[in-house]
Amino acid sequence: MKRLFPDYTYGSGPRTNCWWDETIASPNWPVLQGGLNTDVAVIGGGFTGLSAALHLAAAGVSVAVLEAETPGWGASGRNGGFCCLGGSKLSHDAMARQFGEVAANSYAQAEEDAVHLVADLLETHRIDADVHSQGETQLAHTPRAMDKLRRQAEASGTLHEPGDLPGLGFGEGFHGGYTNPVGFALNPRKYLFGLAQAAQSQGADLFQQSSAQSIRKTQSGFEVQTGSGRIRAQNVLICTNGYSSEDIPPWMADRYMPAQSTVLVTRPLSEVELQAQGWTTNQMAYDTRNLLHYFRLMPDRRFLFGMRGGLISSSQAEAAIRRKVVKDFRQMFPGWASVDVTHMWSGMVCLSRGLTPFAGPVADQPGMFVGFAYHGNGVAMGTYCGRALARMVLGQDPELPDPIARAPQRFPLGRWRRVLMPPAYAVMALADW
């Protein structure tokens, strides 16, 4: 495998002390041993892969999922748990200029449909994932950002002036906000394992510690080789997102850009401590920065706080970004300056050059499909793209808007493309002032 970041990124260091690991035990999937014939091989056991597996198995298709590590090891088992609108980093206006107004509207509907799909799966399969929050609130970090929220506020949501925030339980540290009613928060690990159990109940085979080492085209489909086994399948789905490889398949090379996100969780907060900060709402929220912070009070009264920003991956860089996250948390929530941070971890989100997700076929490889680049919103969009990939295999209309159906262009500079990120982040950080 040819991965973009150093080995440290794909080891245990960044995800050490992940809170979600303590909330639900990992299922014990077998390791693939020997040969297996199946209709579809899915590489990647996250939201995309398991959603695809569930929808395929429910349609009577035999499917096997290959997870390189243990269940929930990747981004799907260590993210912030925001099931919300998102998936693209393009504004509606930018998307309309590039794809047309009809396509931009269709994409916006897809984001909403993705959230509803997760809600439907939770209900249908009776997955208890600690769901809370009625929509999502964006909080202005400057008066100028609040002016922009006022201009862009839609009638379907609710605009909050600065004086409204304390009464809503958001405290006094922001300059107003806007609540979109679509979305909710959850425990991502519980949701992921619920998807896994649902897929297994429909007949899907799930394997752990079974990394795909190579994919070879055959007369009848594909042969996927792992360390201790192989799968022969008519179709292959690549669902590895920010943990993708440059050569599995080679088509992926230069089409994805991993970027780090880091999360902390505090000890449970008392009612006195919540009142001291003025944050008493269960609403999930994020700020208006380009390099945003995202945060929420969870049902057990722990507070989750995360941010983008880590560009280098090493033990020293991980320690530095964790210090930065704690510093930002205490600056933004000074009432909790002495509250213990009990858990902290990092993981990789995934960007495309065009800043839109992709789900579709791999060029010149009939029967191979890929889904990736959710730009930090994989709970909903990854689930949605997984269903779309299943529909493609089944010969059904995936009902994808044009911005998701178009294959992403390659980043310049090839294996050195990570050097594009520091100047881009610097520009975004300057714009946040």
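Formation of a donor-acceptor pair under 3.5 Å by the S62 side chain with backbone atoms of D39 is found in this model. Panel note: side chain R391, backbone E399; no donor-acceptor pair is recorded below 3.5 Å. The backbone N or O of G221 lies less than 3.5 Å from no partner atom in the side chain of Q234, so there is not a single donor-acceptor pair. In this structure, Y178 contributes its side chain and T137 its backbone to no donor-acceptor pair below 3.5 Å. Not a single donor-acceptor pair under 3.5 Å links the side chain of T226 to the backbone N or O of A212. Within the 3.5 Å criterion, the main-chain N or O of A373 finds a donor-acceptor partner in the side chain of N241. A donor-acceptor pair under 3.5 Å links the side-chain atoms of T142 to the main chain of A145, judged by distance alone. Distance alone, capped at 3.5 Å, is enough to place a donor-acceptor pair between the E67 side chain and the E69 backbone. Between the D205 side chain and the A64 main chain, no donor and acceptor come within less than 3.5 Å of each other. Remark: side-chain polar atoms of S228 are not paired, donor with acceptor, to backbone N or O of Q33 under 3.5 angstrom.
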Original post:
Can L413 and L420 be said to form a side chain to side chain contact (heavy atoms under 4.5 Å, CB included), step by step?
Top reply: CA-CA 9 Å; L413 305 181; L420 299 169; 3.8 Å; yes

Original post:
Passes side chain to side chain contact (heavy atoms under 4.5 Å, CB included), L54 versus V63? Steps please.
Top reply: CA-CA 9 Å; L54 170 58; V63 56; over 6 Å; no

**OP:** Test side chain to side chain contact (heavy atoms under 4.5 Å, CB included) on N28 and Q208 and set out the steps.
**Re:** CA-CA 8 Å; N28 186 27; Q208 66 174 330; 3.1 Å; yes

Subject >> side chain to side chain contact (heavy atoms under 4.5 Å, CB included) evaluation trace for T240 with Y256 >> reply: CA-CA 11 Å; T240 45; Y256 65 99; over 6 Å; no

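For H175, there are no ring-ring contact (aromatic ring centres under 6.0 Å, His included) partners at least two apart in sequence or on another chain. Looking at residues two or more places apart in sequence or on another chain, you find no ring-ring contact (aromatic ring centres under 6.0 Å, His included) involving F411. Every side-chain contact (heavy atoms from CB on, under 4.5 Å) that A114 has, sequence neighbours left out, goes to A380, Y384. Residues meeting the side-chain contact (heavy atoms from CB on, under 4.5 Å) test with A319, sequence neighbours left out: R323. In this structure T23 satisfies the side chain to side chain donor-acceptor pair (under 3.5 Å) test together with N187, sequence neighbours excluded. Evaluation of the ring-ring contact (aromatic ring centres under 6.0 Å, His included) rule for W279 yields F170, F295, F303, F333 as partners, not counting sequence neighbours. With sequence neighbours left out, N37 forms a side chain to side chain donor-acceptor pair (under 3.5 Å) with no residue at all.
Identified under the side chain to side chain donor-acceptor pair (under 3.5 Å) test for residues 348-369, with sequence neighbours left out: none. Identified under the ring-ring contact (aromatic ring centres under 6.0 Å, His included) test for residues 21-55, with sequence neighbours left out: F47-Y191. Residue pairs meeting the salt bridge (charged side-chain N to carboxylate O under 4.0 Å, His left out) criterion with at least one partner in residues 246-263, sequence neighbours excluded, are E246-R417, D254-R417. Each ring-ring contact (aromatic ring centres under 6.0 Å, His included) pair with one or both residues in residues 75-113, not counting sequence neighbours, appears once here: F82-Y294.
A 4.5 Å side-chain heavy-atom check between R418 and L4 finds at least one atom pair inside the cut-off. E112 is listed as a side-chain neighbour of L85, based on a closest heavy-atom distance under 4.5 Å. With contacts defined as side-chain heavy-atom distances shorter than 4.5 Å, the pair M257/C350 does not qualify. When side chains are defined from C-beta on, V61 counts as touching L394, because their heavy atoms get closer than 4.5 Å.
Taking OG of S244 as the start and CD1 of I238 as the end, the distance is 8.0 Å to the nearest 0.5 Å. Distance check, rounded to the nearest 0.5 Å: CZ of F369 to SG of C385 gives 14.0 Å. Atom CG of residue N17 and atom OG of residue S12 lie 12.0 Å apart, to the nearest 0.5 angstrom. Remark: L56 CG to N235 CG distance equals 8.5 Å, nearest 0.5 Å. Considering CZ of F193 and CG of L206, their distance stands at 11.0 Å, rounded to 0.5 Å.
Annotation for K217: atom NZ counts as buried by contact number, over 12 foreign heavy atoms lying within 6.0 Å. For Q225, the CD atom counts as densely surrounded, since its 6.0 Å shell holds more than 12 non-hydrogen atoms of other residues, nucleotides or ligands.
The heavy-atom pair separating R308 from S261 by the smallest distance is NH1-OG, 2.8 Å.
In summary, the side chains of R3 and S245 do not present any donor paired with an acceptor at a separation below 3.5 Å, with no hydrogens or angles considered. Side chains of D287 and H293: a donor on one and an acceptor on the other come within 3.5 Å. No side-chain N or O of S211 forms a donor-acceptor pair with one of Q209 less than 3.5 Å apart. Between S51 and T383, the side chains place no donor N or O within less than 3.5 Å of an acceptor N or O (distance only, hydrogens not considered). A donor atom on one side chain and an acceptor atom on the other are found under 3.5 Å apart for E318 and S346. S133 and N282 share no side-chain donor-acceptor pair at under 3.5 Å. When only modelled atom types and interatomic distance are considered, Q109 and N105 share no side-chain donor-acceptor pair under 3.5 Å. With hydrogens and angles left out, the side-chain atoms of N180 and Q138 include no donor and acceptor closer than 3.5 Å. Judged purely by distance below 3.5 Å, without hydrogens or angles, the side chains of T48 and Y374 pair a donor atom with an acceptor atom.
The only option from Y286, F329, W19 that meets the ring-ring contact (aromatic ring centres under 6.0 Å, His included) definition with F305 turns out to be F329. With respect to D130, the salt bridge (Lys or Arg N to Asp or Glu O under 4.0 Å) criterion is satisfied by exactly one of R296, R189, K190: K190.
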Exercise answer: donor-acceptor pairs, residues 338-345 side-chain atoms, under 3.5 Å, sequence neighbours excluded:
residue	atom	partner	partner atom	Å
T342	OG1	V265	O	3.3
T342	OG1	R302	NH1	3.2
H343	NE2	E22	OE2	2.8
W345	NE1	R78	O	2.5

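The pair K324-D328 meets the salt-bridge criterion, with a side-chain N (NZ, NE, NH1 or NH2) lying under 4.0 Å from an Asp/Glu carboxylate O. For the pair R97 and D93, the salt-bridge criterion is not met [side-chain N within less than 4.0 Å of a carboxylate O]. One finds no salt bridge joining R144 and D147 here, because no Lys/Arg side-chain nitrogen approaches an Asp/Glu carboxylate oxygen to under 4.0 Å.
At least one cation-pi condition fails for R406 and F358: the charged atom is not both under 6.0 angstrom from the six-membered ring centre and inside a 45 degree cone around its axis.
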